[in-house]
2 protein chains.
Amino acid sequence: MSICFERAPAIVVSAGRANLEPTGQRRYLRTMSLPHPNPDQISLANVLAVLGDQTRLAIVGYLARNEGVAMSCGQFLDFGSKTNLSYHLAKLREAGITRTEVSGTSRLISLRRDDLDSRFPGLLDSIVTAARGLPQLERLREDS
Amino acid sequence: MSICFERAPAIVVSAGRANLEPTGQRRYLRTMSLPHPNPDQISLANVLAVLGDQTRLAIVGYLARNEGVAMSCGQFLDFGSKTNLSYHLAKLREAGITRTEVSGTSRLISLRRDDLDSRFPGLLDSIVTAARGLPQLERLREDS
DNA sequence: TCAATAGTTCAACATATTTTGAACTAAGGA
DNA sequence: TCCTTAGTTCAAAATATGTTGAACTATTGA
């Protein structure tokens with residue numbers, strides 16, 4: 001069991017059926033880096049919207065409490081199902097909140113602290129601090 | 001034209017048809033204060049989710065830039081239609097972000113700065129500061 | 001080379017959020 | 001008393017978001 005490949009970027013061939021090779025095969029983008037927004041493309045409203053979700057807020061809290069430790073997707077399995085987690089982690093990456101690096105068969109997730117701090121000073125810290133008093137990992141499921 | 005009465009609290013009589021007197025008449029709650037969450041009921045995830053919307057973020061930015069000035073709902077008409085604004089202002093109030101006071105036929109909206117600051121230190125300031133560089137009032141419509 | 005592992009994608013469904021206009025109410029002023 | 005003003009409510013439609021399982025792929029290790 002594992003999770004966290006995340007959605008490949010939409011090299012759309014025909015709407016709704018992305019990443020298909022001419023042969024009809026899917027094309028995964030494991031070896032290339034996943035799309036991350038540039039710092040100036042990170043939108044405040046989007047960051048807030050993405051963090052306005054129990055699951056994602058808990059994930060970010062967990063990342064903050066373990067900053068510096070390499071986190072692979074599998075470590076988040078308590079937060080949801082494999083598929084669902086893949087979805088949430090993609091949201092976090094696409095919003096510019098996390099960075100995802102490829103490392104062998106797994107991926108390493110980290111907070112984009114520097115980018116967030118310089119773009120929205122104090123925001124991440126105030127959120128992470130406020131989130132400390134919140135349900136974490138084990139208590140997440142039944143609370144929400 | 002005007003806006004901002006906000007949804008009356010659900011003194012539910014039968015689901016989906018709230019605030020009906022036995023006579024079948026609607027009951028508005030103009031003269032009583034509208035329901036606001038207690039400080040300890042303000043949820044971080046909810047605050048973020050509610051602010052993760054262009055319109056509401058712009059409203060809060062506007063309130064922050066005019067703190068101390070009494071703001072009636074009508075002043076926000078540039079942010080949306082009467083009905084729609086009523087909806088967004090209710091969301092802000094229900095999340096504990098704003099306070100709504102009755103004053104004659106209109107209502108005065110203000111930020112719950114003290115409550116937010118003590119519950120989530122630094123959060124409001126970092127958001128408002130970050131929002132300063134964002135589209136405001138006039139530019140809001142075409143941007144989003 | 002082959003199996004196992006890690007994670008993604010798709011499609012379908014479920015649910016929640018936004019947006020509208022028409023109908024409405026409550027207070028205040030003429 | 002009646003009109004105007006300010007704002008709410010409802011119901012319906014449009015849209016967006018979150019959740020699932022089955023099918024899939026890429027890399028690694030045996």
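In what follows, every heavy atom counts, from backbone to side chain, and hydrogens, waters and symmetry copies are set aside. A, B, ... follow the sequence lines: proteins, then strands. Residue 1 opens every chain.
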Please, which pairs that meet salt bridge (Lys or Arg N to Asp or Glu O under 4.0 Å) have at least one residue in residues 35-51 of chain B, sequence neighbours excluded?
none
Using whole Å, what does the distance between atom C1' of nucleotide D:dG21 and atom CG of A:Leu85 come to?
16 Å
Could you list the residues that satisfy side chain to side chain contact (heavy atoms under 4.5 Å, CB included) with A:Pro121, not counting sequence neighbours?
none
Can a side chain N or O of B:His88 be found less than 4.0 Å away from OP1 or OP2 on C:dT17?
no
Is A:Asp53 salt-bridged to A:Lys91, going by a charged N under 4.0 Å from an acidic O?
no
Rounded distance (Å) that lies between atom C1' of D:dT19 and atom CG of A:Asp53
12 Å
Give the rounded distance in Å between these two atoms: CZ of B:Phe79 and P of C:dT19.
14 Å
Answer yes or no: is there a donor N or O on one side and an acceptor on the other, between the side chain of B:Arg56 and the main chain of B:Val50, under 3.5 Å?
yes
Between D:dT17 atom C1' and A:Leu51 atom CG, what is the distance in whole Å?
16 Å
Euclidean distance, atom CG of residue A:Leu92 to atom P of D:dT17 [Å, nearest integer]
14 Å
Can you figure out which of D:dT20, D:dG18, C:dT17 approaches the side chain of B:Lys91 most closely?
C:dT17
Rounded to the nearest Å, what distance is computed from the CD1 atom of residue A:Ile59 to the C1' atom of nucleotide D:dG18?
13 Å
Using the side-chain heavy atoms of B:Thr105, tell me which of these nucleotides is nearest: D:dT20, C:dG28, C:dT19.
C:dG28
Quickly work out the B:Tyr87 OH to C:dG21 P distance and round it to whole Å.
17 Å
Could you give the NZ-to-C1' distance, from A:Lys82 to D:dA22, as a whole number of Å?
11 Å
Should A:Asn84 be listed as having a side-chain N or O under 4.0 Å from OP1 or OP2 of D:dT19?
yes
